[in-house]
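Structure first, then comments.
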Number of protein chains: 2
Amino acid sequence: MDPLTSRQTEILDFIRRQIAEQGLPPTRAEIVNAFGFRSLTAADDHLRALARKGAIELRPGASRGIRLLDEPTLAAAANDEDSLPLVGKVAAGVPITAIEQIESWYRLDRHLFHPQPDFLLRVQGWSMRDAGILPGDLLAVQRTAIAENGQIVVARLGDEVTVKRFQRRGEQVQLLPANPDFTPIRIDLRREELAIEGRAVGLLRTGGFVLA
Amino acid sequence: MDPLTSRQTEILDFIRRQIAEQGLPPTRAEIVNAFGFRSLTAADDHLRALARKGAIELRPGASRGIRLLDEPTLAAAANDEDSLPLVGKVAAGVPITAIEQIESWYRLDRHLFHPQPDFLLRVQGWSMRDAGILPGDLLAVQRTAIAENGQIVVARLGDEVTVKRFQRRGEQVQLLPANPDFTPIRIDLRREELAIEGRAVGLLRTGGFVLA
DNA sequence: TCCAATACTGTAGAAATATACAGTGATTGA
DNA sequence: TCAATCACTGTATATTTCTACAGTATTGGA
């Protein structure tokens with residue numbers, strides 16, 4: 001699959017969410033509405049780009065004729081409400097939810113969480129200690145490419161994946177740790193690439209509590 | 001769900017198959033085609049019947065606006081290995097896991113945790129903040145009357161239930177908060193009664209992360 | 001015996017939807 | 001500096017799709 005632009009990823013995420021939540025792929029008009037476009041063509045252009053890059057399949061003439069092509073794993077799991085994949089070691093350049101990245105599956109009803117997560121990620125390090133997120137915890141993450149200020153996000157900088165609180169002012173993004181022993185990460189979006197992989201929607205701690 | 005006629009079951013199966021294979025619910029016209037009807041109304045009548053009986057949901061105006069209404073979870077939530085009770089407000093003198101105390105059931109495989117919990121308890125207050133236990137979290141608790149030093153326990157003092165780290169020296173017990181803003185609770189077992197309701201074996205945070 | 005539900009045919013119109021065409025401006029790699 | 005891609009606006013139209021209305025025939029209760 002050809003690499004997607006961030007806007008295209010947003011559109012793809014929206015389609016994915018619609019299918020998961022509404023049971024129906026969106027129409028052009030619904031995309032236009034969700035993103036505040038003023039022209040149907042904007043949505044159509046994005047769909048064609050996604051189809052050209054192999055992310056979706058379009059069925060000419062059919063209403064809502066959008067089909068997800070990539071990552072059968074998450075698509076299949078979207079139907080299987082009963083389990084969540086644990087994403088393991090994250091390799092450089094590869095989408096975090098690619099099939100090879102999945103380490104195991106947890107039997108865990110995703111409806112327990114609000115909003116619903118798409119995968120679990122094992123937390124490393126103490127940088128989010130004061131948000132109650134400790135090493136070894138399983139973070140429940142909802143896939144999204146966009147984040148709002150104050151949300152705890154799973155962000156990717158090159159081949160590094162990190163969990164931090166998101167803060168954006170114009171083109172300046174700060175990834176804030178929840179622990180005074182760590183320093184915030186500053187990113188200038190004009191010069192550096194930042195990919196949001198998802199936002200934290202819950203947490204699962206399966207082991208006992210060791211002495212801190 | 002009301003009982004379906006055999007014809008209605010065929011239609012429902014067809015809708016299921018379409019969603020699985022095509023990724024899209026069918027239109028009236030597609031149903032007509034698949035079954036060899038000669039009128040759109042035949043398909044529409046069936047859909048209305050299925051909706052009336054609770055098998056599907058129809059969204060007026062939306063093309064392909066058919067949604068399956070399989071209700072798997074509620075029935076299964078009975079008890080066994082697959083679900084955990086959430087203990088609600090704890091009344092004085094009543095054992096914490098008494099049936100009246102149970103607020104709801106969570107569909108959550110207890111084998112996810114080690115060791116296995118017997119119930120969930122909603123955390124109140126910030127006294128265990130530094131152990132990553134925050135207000136609103138659901139603490140997974142294993143029933144036990146005995147505790148070892150260092151373990152996080154659910155303890156009861158009269159009609160108060162509290163979550164703290166357990167420390168015992170002879171007949172002196174300390175219940176230690178994990179937050180310097182709180183003071184340890186000291187109990188002399190020769191004069192006061194202390195009941196251990198269980199020990200923490202895990203944690204579930206189902207909501208998003210608000211700003212601390 | 002009448003009523004409601006089932007299972008269809010046939011027609012028509014309105015609303016939803018996809019898609020073509022003609023643009024604008026910015027960015028990017030060759 | 002050119003061509004291609006990106007990310008859109010705006011208009012128009014054919015097609016798809018839903019939905020209403022008017023029927024026919026059969027079946028199983030109340």
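- Separating the CZ atom of B:F35 from the C1' atom of C:dC8 is a distance of 14 Å, rounded to the nearest angstrom.
- Checked by atom type and distance alone, the side chain of B:R205 pairs as donor or acceptor with a backbone atom of A:G132 at under 3.5 Å.
- What separates CD1 of B:I11 from C1' of C:dT6 is a distance of 12 Å, to the nearest Å.
- At whole-Å resolution of the value, CG in B:N33 and P in D:dT17 are 11 Å apart.
- Atoms CZ (B:R64) and P (C:dT17) sit 10 Å apart, rounded to a whole Å.
- The nearest whole Å value for the distance from the CG atom in A:L24 to the C1' atom in D:dC18 is 14 Å.
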Can you give me the N/O atom pairs linking the protein to nucleotides 3-11 of chain D at distances under 3.5 Å, or say none if there are none?
unit_1 : atom_1 : unit_2 : atom_2 : d
D:dC6  : OP1    : A:K53  : NZ     : 3.0
D:dC6  : OP2    : A:R52  : NH2    : 2.6
D:dA7  : OP1    : A:T5   : OG1    : 3.3
D:dA7  : OP2    : A:T5   : OG1    : 3.1
D:dC8  : OP1    : A:R7   : NE     : 2.9
D:dC8  : OP1    : A:R7   : NH2    : 3.1
D:dC8  : OP2    : A:R7   : NE     : 3.4
D:dC8  : OP2    : A:H46  : NE2    : 3.0
D:dC8  : N4     : A:D45  : OD2    : 2.5
D:dT9  : OP1    : A:R38  : N      : 3.0
D:dT9  : OP2    : A:R38  : N      : 2.9
D:dT9  : OP2    : A:S39  : N      : 3.1
D:dG10 : N7     : A:S39  : OG     : 2.7
D:dG10 : O6     : A:T41  : OG1    : 2.2

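- For A:E57, the CD atom sits in a packed shell: over 12 heavy atoms of surrounding residues, nucleotides or ligands are nearer than 6.0 Å.
- The separation between B:R48 atom CZ and C:dA7 atom P is 16 Å, rounded to whole Å.
- Per the geometry, CG belonging to B:D44 stands 14 Å off C1' belonging to C:dT9, to the nearest Å.
- Residue A:S63 places none of its side-chain N or O atoms closer than 4.0 Å to OP1 or OP2 of D:dT16.
- Atom-to-atom, CD1 of B:I56 to P of D:dC18 comes out at 11 Å; the value is rounded to the nearest Å.
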Where do B:I56 and B:R67 land on the side chain to side chain contact (heavy atoms under 4.5 Å, CB included) test, with the steps shown first? CA-CA 5 Å; B:I56 62 172; B:R67 185 173 212 182; over 6 Å; no
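- Residue B:R28 places at least one side-chain N or O closer than 4.0 Å to OP1 or OP2 of D:dC18.
- Side chains of A:N33 and A:P26 form no contact here, defined as non-hydrogen atoms less than 4.5 Å apart.
- Paired with A:T144 under the rule side chain to side chain contact (heavy atoms under 4.5 Å, CB included), one option of A:E10, A:Q151, A:R16, A:R17 passes, and it is A:R17.
- Annotation: B:R7, atom CZ; neighbour count of heavy atoms from other residues, nucleotides and ligands within 6.0 Å is above 12.
- Of the candidate nucleotides C:dT19, D:dT19, D:dT17, D:dT17 has the atom lying nearest to any side-chain atom of B:T27.
- Between the side chain of A:R143 and the backbone N or O of A:G198, no donor-acceptor pair lies under 3.5 Å.
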